[in-house]
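Just so we're clear, the structure is a prediction, and the values are computed from it rather than from any experiment. The basis for the numbers below is simple: all heavy atoms, side chains too, and nothing from hydrogens, waters or symmetry mates. Start at 1 and go down the list; that is how both ligands and their atoms are numbered.
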Amino acid sequence: MDHWEEKYRANTIPWDRGGASPALLRWLEADALAHGRILVPGCGRGHEAVELARHGFHVTALDIAPSALRHLEAELAAAGLAAATVCADALAWQPDAPFDAIYEQTCLCALPPGHWPAYEQQLFRWLRPGGHLYALFMQTGRAGGPPFHCEVAEMRALFPATRWTWPEGDAERVDHPNSLFELATVLVRRPADAG
Ligand SMILES: C[S@@+](CC[C@H](N)C(=O)[O-])C[C@H]1O[C@@H](n2cnc3c(N)ncnc32)[C@H](O)[C@@H]1O
């Protein structure tokens, strides 16, 4: 059985906040998210996908763990909301059409760093030109994982300025009950690799 599916079945999921991330709630409250089709890769139990659907987004929620998606589907049904759920490997899946936005909350840090360049390629491919990547970069300050530490300098190299527009200023710190924290930032996919 897949590592992640095993964790969900055993309910050993310390990353799960039990509700939507405060970062997403702040972005929603500020009406800062681009409306339209949004993908949530590595959605887990999908609290953020539910919140996005509640706010009228056309949500596709993807995860490799079927149990996590079953939980999300039950939550959606209980709330009378709709979202597409996809059980697939984020490194292989391709959508029929590109997305307007992606909400990337700790799928990257779940992948071994050797897979990060392939995942960046996927994010670039999944988004339409000008599409927004709402990213939460996990900060553990330690070697090993998952979760793997997403050092900002390393993220800038992974998401190069030739392919992604970075905002001015520092990323916003988002605390996590598991005592780690994430850095929230919004990247914009450039039309093509300008490198
Ligand atoms: C740290 S958890 C975060 C879950 C959720 N985003 C959250 O914040 O609660 C990482 C998630 O990524 C999923 N995942 C890991 N590798 C994946 C892959 N290759 N393709 C799709 N999902 C994957 C896991 O099943 C897990 O739900």
W164 six-ring centre to R190 NZ/CZ under 6.0 Å and within 45° of normal
no
Mind running ring-ring contact (aromatic ring centres under 6.0 Å, His included) on Y119 and W93 for me, showing each step along the way?
CA-CA 11 Å; Y119 184 58; W93 179 75; over 10 Å; no
Salt bridge R17-E182, side-chain N to carboxylate O under 4.0 Å
yes
So does R54 pair up with E51, basic N to acidic O under 4.0 Å?
yes
Expected output: side-chain E5 to main-chain S67 donor-acceptor under 3.5 Å:
yes
With a 4.0 Å heavy-atom cut-off, what residues sit around ligand 1?
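Only W4, Y8, W15, G42, C43, G44, L62, D63, I64, A65, A88, D89, A90, Q105, T106, A110, L111 have heavy atoms that fall under 4.0 Å of ligand 1, ordered by chain and number.
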Any luck finding a side-chain donor-acceptor pair between Q94 and Q122 under 3.5 Å?
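Per modelled atom types, Q94 and Q122 side chains form a pair under 3.5 Å.
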